[in-house]
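All remarks here apply to the structure that follows.
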Amino acid sequence: MDIAKTYLPKQAEDKWYNYWLQHNFFRSVPDEREPYTIVIPPPNVTGVLHMGHMLNNTIQDVLIRRARMKGKNACWVPGTDHASIATEAKVVTMLKERGINKKDLTREEFLKYAWEWKEKYGGIILEQLKKLGASCDWERTKFTMDEDMSEAVIDYFVHLHKKGLIYRGVRMVNWDPQGKTAVSDEEVIRKEVNQKLYYIKYSIVQDELAVLSESRAANHFIHTPNFVTVATTRPETIIADAAICVNPNDERYLHLHGRKVYIPLINREIPIILDEYVTMDFGTGCLKVTPAHDLNDYELGQKHKLPIIDILNDDATLNEKAQILVGEDRFAARKKIAVLLEEAGALAKTEDYTSQIGFSERTNAVIEPKLSMQWFCKMQELAKPALEYVLNGEVKLIPEKFINTYRHWMENVRDWNVSRQLWWGQQIPAYYLPNGEFVVAKTKEEALVEAHAIDPKLSIDDLTQDEDVLDTWFSSGLWPISVFDGVRNPDNAEINYYYPTNDLVTAPEILFFWVARMLISGHELRKQKPFNNVYLTGIVRDKLGRKMSKSLGNSPDPLDLIDKYGADGVRVGMLLCSPAGNDLMFDESYCEQGRNFANKIWNAFKLIKGWQVDSSLENPNAIAIEWFESRFNHALVEIEDNFKQYRLSEALMATYKLVWDDYCAWYLEMIKPAYQQPIDSETYTRTVAFFENILKVLHPFMPFISEELWHDELFGQRAELDCCIVAQLPNIGQVNTRLNNEIEIIQQVVTQIRNTRNSKQLSPKEALPLAVKVNSAIDYNKYQSIIKQLGNISELTLVTEAVSGANSFIAGTDEFYITLNIAVDAVAEGARLEKEREYLLGFLKSVNAKLCNERFMANAKPEIIEIETRKKADAEAKLKILESNLAALAN
RNA sequence: GGGAGUUUAGCUCAGCUGGUUCAGAGCAUCUGCCUUACAAGCAGAGGGUCACUGGUUCGAACCCAGUAACUCCCA
């Protein structure tokens, strides 16, 4: 049978993914084994796979596969998030394209369209995850708006309300005029924007005070203008001004104290108020106070009991209260009002100005601060235990640097606006009575019972439910509980078995959005943390460090990458560049490296596969076998250690080197029989067994190629369920440190031989004689065959004196001589030796400096001194050899 | 403006309690090889003022202070 020259991922991937599915290897049900649980961070239901998902889910799959191979009952729960604003926005756009306006639809009609949309496009992303090899228990797939999931959300809301943690109130919220909903602070993205600063003149009302101040000014020969100038980026809101504020300490404006001014264009009178809040050196030092349209102004307005004049509609067009430019959009109005002010002589000047502006994360509209009636969740008390879990280490954040950030946020948490003026989501279970009072209950029927306590005559039709839906994070915050039905049935077998989950893998940007809220709900509902560890991945950036985004077009399509490099290659590529918690500069070349690695594995397989076994042969490779076994165990320790610390890329690198360097480059070369020669059966059996163990170690990282090779007849007949995915990871055996160290010296010897050959431009085919003068305890007879095979050495002789006229090198403390037919280039050889000698002399000097330093000898730990002493002895021995070689060369 | 973080080879990163021949890895680069598993490969080599300045110490990439640049979070 011909074996393909390279590994062909396409054939293997679908085949084995389906095989795993058919044999239920991803399925988890509670049993007597220890559970290992991960809940997926649910992606937006209408989303498509991007590089961030790719990284995130590769990590989860590595963890879950490894747990499975350690005998745990591994359960990875997949699902999607309804993402209310994002999805509703998409549906609205889709309807618009079909000529349908959301305004013309009833809530029910709109939701029907939305569900249709969800059925059609929802869950594409989950199908894409399968291409990556994600071993989720698909039977458990959840959607945050599934009936049971929504019920859990309502239950939780009612629960919090009963505890007095939910309230309704007028607040300044971040209003998204395009989505026509409030969004939370976390959903506002601030960006630096170039704007204009408008200097507007407000004329001062002439009254009896004016006369007084004028005369005062006259006394001081000061000319007081009859207007004040105010700097603002938002001239369209002057109509909503309630006051002008100056700092009471500002000497420029003493004459304004107690006065009033006219708002330009509409000539409404507003007072001048005094507050130290105003920065004297910004703008003109006069601040226009517009309580309805700015958060700080709102607070200032509350303090000074100013009226609130809201001149904007929900879509950010001007309403009748504006009196002028009614119906115009705020940005159009801004330009027009500037012209009007100019014409009225009220515009002093404009300046360029950059400042931070809030944009809606979902619609990218400029956020408008707006007063509105919203639902809030009190956070202060809820946040305390959620913070405690992290501070006392019960929940570990990886890397730890996020603990500070988390604490800072949780200690300064503000009440959470949970209502959204949307239809797609869980409708708030608050029911209004005709008199305006409301009750909160799970169903309308239960609400009626509650309502009867207020008015016994009410019927069910007298109740109207609140129009708003709950923030999406309100439902995803329940995710680790609700996917196991733990909100509705807190004592069911599944939640008791799987909860708390083990690891959560997510992005640091949603630490507060999501992670904090799961900790809160976990404690609130179960008095238990939702997970033990939170692994925070970095943001995937491009080579230039830019965040990957659709608008920049710098994000490769993950499916294209899989197509090009194979799923295993892409997985390896993602992991190679992903230290925990640091952003990663992704570059396709990492995937290429992953693909090449798969190919290397494939070729090692091809080599072994081609061997003929002759059972009459003795095993000449006992040392090589013993060494690899020891080296393998050493690697297992390293890999285990890396996993314990969630250093996944290092665990992968240790695996990579084990396979490429130790197994392929050294071990296979040590035991490889000569061309077309058979191999002895013991070496063959052991080598195949090593390979099988390597496949197991590789599997979490590279599930497809490992499973593909696992089933080759090289490893014998496999039962139907004997698959790599459920194989148990090899136990860690003994490490023979001495052997490992000695082979390391042997490797140095081999490298030096090759180096000599290279520098003399000798063919690797030409066998060379090697003489060794042993100064160490190494028994070179033991390693003779290895050195001969790897260095192509014709004969290895032990000598007691330096060999003159030979090329020499040192490995460890032993001396090696290669006698060549060609004359030794004494000059070049001498220079080389001299260079080494100089290095050693410098080294000795620094060691001696330490050892001669009394303070070092007095303070350093004894083992350090011992090491230094040994370093000195070693260096001196080497130096002696070098010097004698140099002397021999000179003769 | 407040807080956090980063700075080590061309690139991406390790370097854990200050002390192993400690300045490392992978990739990239250079040189030589189409050597019967693999050119997506093999063999070998070069490459660093550990951001800067000072301090502590017998000893600093590591601890401390300051400076600079970049990144993120909050206002």
Side-chain angles (χ1 to χ4, degrees), chain A residues 3 5-7 185-186 190 279 295-296 356 399 401-409 412 414 508-509 511-512 538-539 541 543 545 547 565 569 573 576-579 581-587 589-590 592-611 641-642 645 647 649-650 652-654 656-657 660-661 664-665 668-669 672 674-676 750-759 761-766 790-792 839-840 843-844 846-847 849-861 863-868 870-872 874-875 878:
Chain A
I3 305 173
K5 210 167 144 63
T6 55
Y7 168 59
D185 294 337
E186 293 82 0
R190 283 167 199 287
T279 317
L295 181 58
N296 294 318
Q356 297 270 323
K401 67 175 178 187
F402 288 106
I403 295 175
N404 270 340
T405 325
Y406 180 77
R407 175 171 55 196
H408 192 257
W409 193 77
N412 298 291
R414 288 191 287 175
E509 39 198 6
L511 191 57
F512 313 128
I539 296 165
R541 297 173 178 278
K543 242 201 308 200
K547 209 167 161 173
Y565 301 106
L576 279 176
C577 58
S578 61
N582 283 339
D583 288 359
L584 52 103
M585 310 297 161
F586 179 79
D587 186 81
S589 64
Y590 289 109
E592 204 177 311
Q593 196 182 345
R595 177 203 59 184
N596 293 355
F597 185 37
N599 202 37
K600 185 74 189 175
I601 297 163
W602 181 258
N603 274 294
F605 160 77
K606 242 176 78 177
L607 173 69
I608 300 170
K609 180 92 172 149
W611 286 339
D641 189 54
N642 283 325
Q645 299 179 65
R647 296 169 171 219
S649 55
E650 288 187 46
L652 171 59
M653 190 42 73
Y656 181 91
K657 288 196 237 177
W660 202 305
D661 298 341
C664 294
L668 289 180
E669 293 300 332
K672 190 159 105 178
Y675 180 53
Q676 288 191 334
V750 171
T751 300
Q752 292 274 31
I753 296 167
R754 288 169 176 168
N755 197 357
T756 306
R757 207 192 291 276
N758 238 344
S759 62
Q761 296 187 317
L762 299 173
S763 158
K765 284 178 188 160
E766 187 183 339
L790 296 179
N792 193 14
Y839 170 79
L840 272 176
F843 177 71
L844 256 179
S846 79
V847 175
K850 278 189 207 173
L851 289 172
C852 296
N853 184 329
E854 279 171 37
R855 302 227 271 178
F856 171 76
M857 298 305 280
N859 293 318
K861 284 177 260 174
E863 58 265 34
I864 299 297
I865 294 175
E866 196 187 319
I867 288 167
E868 293 297 323
R870 199 168 56 229
K871 285 199 294 198
K872 183 183 168 172
D874 281 2
K878 255 190 187 175

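The chains referred to below are lettered A, B, ... by the order of the sequence lines, with proteins before strands, and numbering in each begins at 1.
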Seminar exercise, completed: pair_partner(B:C13), Watson-Crick or wobble, both distances < 3.5 Å, evaluates to B:G24
Exercise. Can you tell me the Watson-Crick or wobble partner of B:G48, both distances under 3.5 angstrom?
Worked result: none
For this session: Would you mind telling me which residue lines up with the more 5' stretch of RNA chain B, A:D661 or A:K878, judged by nearest nucleotide?
Result: A:K878
Exercise. Out of curiosity, A:L576 CG to A:L652 CG, how far, rounded to the nearest 0.5 Å?
Worked result: 5.0 Å
Problem set entry | Spacing of CD1 belonging to A:I865 relative to CZ belonging to A:F856, to within rounding of 0.5 Å | 5.5 Å
Problem set entry | Side chain of A:Y656 (C-beta onward), nearest among B:C27, B:A40, B:A37 | B:C27
Exercise. If we call it a pair only when both distances are under 3.5 Å in a Watson-Crick or G-U wobble match, what pairs with B:A4?
Worked result: B:U71
Exercise. Reckon A:N755 touches a base, only the sugar-phosphate, or nothing at all at heavy-atom distances under 4.0 Å?
Worked result: sugar-phosphate
For this session: For B:U53 and B:C62, measure between their P atoms and round to the nearest Å.
Result: 13 Å
Seminar exercise, completed: With the side chain defined as heavy atoms from C-beta on, A:K657 is closest, among B:A25, B:A37, B:A43, to B:A25
Exercise. Closest to the A:L607 side chain: B:A37, B:G26, B:C38?
Worked result: B:A37
Exercise. With rounding to whole Å, what would you report as the distance between B:C22 and B:A61 at their C1' atoms?
Worked result: 10 Å
For this session: With P as the reference atom in both, quote the distance from B:A65 to B:C27 in angstrom, rounded to an integer.
Result: 39 Å
Problem set entry | Base-pairing mate for B:G18 - Watson-Crick or G-U, with both contacts under 3.5 Å | none
Exercise. How about A:N596 and A:E592: does a side-chain donor come under 3.5 Å of a side-chain acceptor?
Worked result: no
Exercise. Do side-chain atoms of A:N603 reach the backbone of A:N599 as a donor and acceptor pair under 3.5 angstrom?
Worked result: yes
For this session: State whether A:Y675 places a side-chain N or O below 4.0 Å from either non-bridging phosphate oxygen (OP1 or OP2) of B:U35.
Result: no
Exercise. Could you give the CZ-to-C1' distance, from A:F605 to B:A40, as a whole number of Å?
Worked result: 18 Å
Problem set entry | Interatomic distance where CG belongs to A:N603 and C1' belongs to B:U36 [whole Å] | 12 Å
Exercise. Contact class for A:Y7 (heavy atom, under 4.0 Å): base, sugar-phosphate, or nothing?
Worked result: nothing
For this session: Using a cut-off of strictly less than 4.0 Å, decide whether A:K600 has a side-chain nitrogen or oxygen near OP1 or OP2 of B:C42.
Result: yes
Exercise. Between B:A43, B:G41, B:A37, which nucleotide gets closest to the side-chain atoms of A:W660?
Worked result: B:G41
For this session: Find the distance A:L576:CG to B:C11:C1' and express it as a whole number of Å.
Result: 14 Å
Problem set entry | Distance, nearest 0.5 Å, that separates CG of A:D587 from CD of A:Q593 | 11.0 Å
For this session: For nucleotides B:A40 and B:U17, find the distance between their C1' atoms and express it as a whole number of Å.
Result: 43 Å
For this session: Might you work through the side chain to side chain contact (heavy atoms under 4.5 Å, CB included) test for A:K606 and A:K5, ending with a clear yes or no?
Result: CA-CA 9 Å; A:K606 242 176 78 177; A:K5 210 167 144 63; 4.1 Å; yes
Polar-atom pairs under 3.5 Å, protein N or O versus N or O of nucleotides 2-4 of chain B: list them with distances, or write none.
none

Exercise. Tell me: CD of A:E650 to C1' of B:G26, nearest whole Å?
Worked result: 11 Å
Problem set entry | Selected nucleotide, minimal atom distance to A:M653 side chain, candidates B:A25, B:A37, B:G44 | B:A25
For this session: Could you state the atom-to-atom distance from CD of A:Q645 to C1' of B:G15 in whole Å?
Result: 13 Å
Exercise. Under 4.0 Å between a side-chain N or O of A:R414 and OP1 or OP2 of B:A75?
Worked result: yes
For this session: In whole angstrom, give the distance that lies between atom CG of A:D587 and atom C1' of B:C27.
Result: 10 Å
Exercise. Less than 4.5 Å apart, any side-chain heavy atom of A:Y7 and any of A:K600?
Worked result: no
Problem set entry | Side-chain donor/acceptor contact of A:E669 with base of B:A37 under 3.5 Å | yes
Exercise. Considering only side-chain heavy atoms of A:Y590, which listed nucleotide, B:U12, B:C16, B:C38, is closest?
Worked result: B:U12
Exercise. Reckon A:R754 touches a base, only the sugar-phosphate, or nothing at all at heavy-atom distances under 4.0 Å?
Worked result: sugar-phosphate
For this session: Quote, to the nearest angstrom, the P distance that separates B:U6 from B:U49.
Result: 23 Å
Exercise. How do A:T6 and A:Q761 order along RNA chain B: which one's closest nucleotide is nearer the 5' end?
Worked result: A:Q761
For this session: Calculate the interatomic distance between A:I3 atom CD1 and B:U36 atom C1'; express it in whole Å.
Result: 14 Å
For this session: Determine the interatomic distance between P on B:G47 and the same-named atom on B:C38; round to the nearest Å.
Result: 33 Å
Exercise. Under the 3.5 angstrom rule, does the side chain of A:N792 hit a backbone N or O of A:P764 as a donor-acceptor pair?
Worked result: yes
Exercise. Can you tell me if the side-chain N/O atoms of A:R595 get under 4.0 Å from OP1 or OP2 in B:C38?
Worked result: no
Exercise. Is A:L762 close to A:T756 at the side-chain level, that is, under 4.5 Å between some pair of heavy atoms?
Worked result: no
Exercise. Are the ring centres of A:W602 and A:F605 closer than 6.0 Å?
Worked result: yes
Seminar exercise, completed: Separation of B:C33 atom C1' from A:K765 atom NZ, nearest Å, is 10 Å
Exercise. When you compare B:A45 with B:C50, how far apart are their P atoms, in angstrom units rounded to a whole number?
Worked result: 24 Å
Exercise. A:A598 near the nucleic acid: base, sugar-phosphate alone, or nothing, with a heavy-atom cut-off under 4.0 Å?
Worked result: nothing
Exercise. Is A:S763 touching bases, backbone alone, or none of the nucleic acid, heavy atoms closer than 4.0 Å?
Worked result: nothing
Exercise. Could you go step by step and tell me if A:R595 and A:T6 meet the side chain to side chain contact (heavy atoms under 4.5 Å, CB included) rule?
Worked result: CA-CA 10 Å; A:R595 177 203 59 184; A:T6 55; over 6 Å; no
Problem set entry | Pairing nucleotide - B:C62, Watson-Crick or G-U, each distance under 3.5 Å | none
Exercise. With both distances kept under 3.5 Å, what pairs with B:G41, Watson-Crick or G-U wobble?
Worked result: B:C33
Exercise. Mind checking whether A:L511 and A:F402 have side chains closer than 4.5 Å, heavy atoms only?
Worked result: yes
For this session: Taking only the side-chain nitrogens and oxygens of A:T751, find out if one of them lies under 4.0 Å from OP1 or OP2 of B:G44.
Result: yes
Pairwise N/O distances under 3.5 Å, protein to nucleotides 55-64 of chain B:
| from | atom 1 | to | atom 2 | distance (Å) |
| --- | --- | --- | --- | --- |
| B:C58 | O2' | A:N853 | ND2 | 2.8 |

Exercise. B:A37, B:A40, B:C38: which one has an atom nearest the side-chain heavy atoms of A:K5?
Worked result: B:C38
For this session: Indicate the ring-plane relationship of A:W660 and A:F597, choosing parallel, tilted or perpendicular according to the 30° and 60° boundaries.
Result: parallel
Problem set entry | Distance between P atoms of B:C16 and B:A69 (Å, rounded) | 28 Å
Exercise. Between CZ of A:R414 and CH2 of A:W409, what distance do you get to the nearest 0.5 Å?
Worked result: 10.0 Å
